[in-house]
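Each chain gets a letter, A, B and so on, in the order the sequences are listed, and its residues count up from 1.
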Amino acid sequence: MHRGGPAVSPDVTGAGPRLHAAVLAWFDDVGRDLPWRDPDCSPWGVYLSEVMSQQTPVARVLPVWERWLERWPTPADLAADSPGEAVRMWDRLGYPRRALRLWESAAAMVERHDGQVPRDHDDLLALPGVGPYTAAAVASFAFGDPRTVVDTNVRRVLARTVSGTQHAAPALTAAEMRLADASMPADRDAANRWNAASMELGALVCTARAPRCDDCPVSHLCAWQLAGRPEHDGPPRRGQAWHGTDRQVRGRIVQLLRESPDPVPRRDLDGTWPDDPTKVERCLAGLVEDGLVEPAAGGYVLPR
DNA sequence: AAGCCGTGGAT
DNA sequence: TATCCAAGGCT
């Protein structure tokens with residue numbers, strides 16, 4: 001947490017301890033008993049939960065996580081199966097390339113880390129599909145190494161409580177990273193709990209759309225609250241288009257292959273976007289390029 | 001370093 | 001119905 005750079009804000013030093021105490025107490029009280037928070041959960045279980053939760057709500061992750069751990073209790077079990085089965089078991093969590101990278105990372109654990117989830121932060125970061133968030137989260141939650149975990153929840157909680165703005169910046173900035181580092185409790189155990197607790201506060205109370213400030217344990221010291229909860233001021237935040245995009249068509253193609261035990265004939269894929277066969281062709285080529293789909297006798301399949 | 005990459009619930 | 005948004009990562 002002491003990474004150099006200028007002091008972030010006088011408020012952090014002043015409100016920090018009170019912020020920590022209130023959020024940690026709240027977390028002990030109402031934090032969810034998610035199975036990967038069980039002290040007996042394996043690092044592999046924590047690792048799976050973090051990758052599955054990238055851009056996917058916890059409620060949808062839970063049943064898939066249970067099935068994965070039952071079928072593949074260790075990285076070696078997954079690596080011994082086919083990547084296509086990983087994509088199939090991924091079901092509808094979205095962004096199926098994450099399943100592919102999970103399989104690749106399991107293979108890397110077998111090759112380089114004796115079949116274990118690596119404890120070292122840099123080793124974690126080197127795994128496919130693992131970026132700054134996931135590496136820090138696994139280090140902290142699976143191994144008690146208090147790296148600064150910065151996800152969309154933490155960013156929003158700090159933007160409001162400390163910076164006094166409704167939303168965090170569109171993309172993670174260096175200033176935000178410094179703020180998150182400076183906001184970490186000094187005590188190792190408290191830091192690890194803070195990582196989970198600040199995420200949980202953002203997920204349950206300090207939400208993006210309709211924050212439940214009446215139920216917030218730190219509303220009394222929240223800079224945004226004290227400023228009268230000013231509306232976002234700046235360029236409009238842009239959502240991503242969906243209808244008619246390659247993403248939509250790619251999703252339909254992969255869904256068909258997931259649900260079929262046999263190769264899916266090329267002509268059946270045209271139904272995923274009847275208006276424009278060239279779009280289907282382009283998306284299919286992209287999926288093959290990405291390793292999510294393979295040509296086979298009689299059509300296309302998930303990678304074997 | 002913006003834009004791409006799925007899916008479905010909530011409002 | 002349309003829009004927002006969810007424990008990001010990669011190029």
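- No chain of hydrophobic side-chain contacts below 4.5 Å, direct or via other Ile, Leu, Val, Met, Phe, Trp or Tyr residues, connects A/Val110 to A/Val117.
- The residue A/Gly131 sits close only to the backbone: its heavy atoms come under 4.0 Å of sugar-phosphate atoms, none of a base.
- With P as the reference atom, C/dG9 and B/dG8 are 22 Å apart, rounded to whole Å.
- Within residues 24-48 of chain A, the residues approached by DNA chain C to less than 4.0 Å at the level of any non-hydrogen atom are A/Arg32, A/Leu34, A/Trp36, A/Arg37, in residue-number order.
- Electrostatic pairing of A/Arg193 and A/Asp189 counts as a salt bridge here, judged by a charged N lying under 4.0 Å from a carboxylate O.
- One interatomic measurement links the two molecules: CZ of A/Arg98 to C1' of B/dT7, which rounds to 9 Å at whole-angstrom precision.
- Non-hydrogen atoms lying under 4.0 Å from DNA chain C are contributed by nothing in residues 70-77 of chain A.
- The gap from the P atom of C/dA7 to that of B/dA2 amounts to 23 Å, rounded to the nearest Å.
- The side-chain heavy atoms of A/Asp246 and A/Lys279, taken from C-beta on, include a pair separated by under 4.5 Å.
- Between A/Asp262 and A/Ser260, the side chains place no donor N or O within less than 3.5 Å of an acceptor N or O (distance only, hydrogens not considered).
- The pair A/Arg67-A/Glu70 does not meet the salt-bridge criterion, since no charged nitrogen lies less than 4.0 angstrom from a carboxylate oxygen.
- Using a 4.0 Å heavy-atom criterion, one finds that A/Ala203 contacts the sugar-phosphate atoms exclusively.
- The hydrophobic cluster containing A/Trp103 also contains A/Met52, counting ILVMFWY residues as joined when their side-chain heavy atoms lie under 4.5 angstrom apart, directly or transitively.
- As rounded to whole Å, 12 Å separates atom C1' of B/dG8 from atom OH of A/Tyr95.
- Of the two residues near DNA chain C, A/Asp151 and A/Arg238, the one whose nearest nucleotide lies more 5' is A/Arg238.
- Nearer the 5' end of DNA chain B, as judged by each residue's closest nucleotide, is the contact made by A/Ala171, out of A/Pro96 and A/Ala171.
- One interatomic measurement links the two molecules: CZ of A/Arg250 to C1' of B/dT7, which rounds to 14 Å at whole-angstrom precision.
- Rounded to whole Å, atom P of B/dT7 lies 10 Å from atom CG of A/Asp91.
- Here A/Thr134 lies in heavy-atom contact (under 4.0 Å) with sugar-phosphate atoms only.
- In this structure, A/Leu292 atom CG and B/dC5 atom C1' are separated by 10 Å, rounded to whole Å.
- The existence of a salt bridge linking A/Glu281 and A/Arg266 is confirmed by a sub-4.0 Å separation between a basic side-chain nitrogen and an acidic carboxylate oxygen.
- Residues A/Val87, A/Leu100, A/Val249, A/Ile253, A/Val254, A/Leu256, A/Leu257, A/Val264, A/Leu269, A/Trp273, A/Leu284, A/Leu287, A/Val288, A/Leu292, A/Val293, A/Tyr300, A/Leu302 make up the rest of the hydrophobic cluster containing A/Val280, defined by ILVMFWY side-chain heavy atoms closer than 4.5 Å, directly or through other members.
- Among the heavy atoms of the strands, none lies under 4.0 Å from A/Ala137.
- Across all strands, A/Pro170 comes closer than 4.0 Å to no nucleic acid atom at all (heavy-atom distances).
- Once you apply a 4.0 Å limit to the heavy atoms of chain A, the touched nucleotides of DNA chain C run 5' to 3' over C/dC4 to C/dC10.
- When heavy atoms are screened at a 4.0 angstrom cut-off, A/Thr152 is found touching the sugar-phosphate backbone but no base atom.
- One hydrophobic cluster, built from ILVMFWY side chains closer than 4.5 Å, holds both A/Val138 and A/Leu48.
- Enclosure of atom CD in A/Glu259 by more than 12 non-hydrogen atoms of other residues, nucleotides or ligands within 6.0 angstrom is indicated.
- Ring pair A/Trp44/A/Tyr47 is parallel by interplanar angle, where below 30° counts as parallel and above 60° as perpendicular.
- The side chain to side chain donor-acceptor pair (under 3.5 Å) test with A/Arg250 is passed by exactly one of A/Asp290, A/Thr272, A/Thr245: A/Asp290.
- Remark: A/Asp233 CG is loosely packed, at most 12 non-hydrogen atoms of other residues, nucleotides or ligands lying under 6.0 Å away.
- For the OP1/OP2 pair of B/dG9 and a distance below 4.0 Å, the side-chain nitrogens and oxygens of A/Arg209 include no atom meeting the criterion.
- Near DNA chain B, meaning a heavy atom under 4.0 Å away, the residues from residues 54-64 of chain A are A/Gln55, A/Thr56, A/Arg60.
- When the ring pair (Phe, Tyr, Trp, His ring centres under 6.0 Å) test is applied to A/Trp224, no partner is found at least two apart in sequence or on another chain.
- At distances below 3.5 Å, not a single donor-acceptor pair connects side-chain atoms of A/Arg119 with backbone N or O atoms of A/Phe143.
- Residue A/Arg247 contributes atom CZ, which lies 6 Å from atom C1' of B/dC4 at whole-angstrom precision.
- We find that CG of A/Asp246 is positioned 13 Å from P of B/dT7, with the value rounded to whole Å.
- Nucleic acid contact class of A/Arg92 (heavy atoms, under 4.0 Å, all strands): sugar-phosphate only.
- Rounded to whole angstrom, the span from the CD atom of A/Gln248 across to the C1' atom of B/dT7 amounts to 11 Å.
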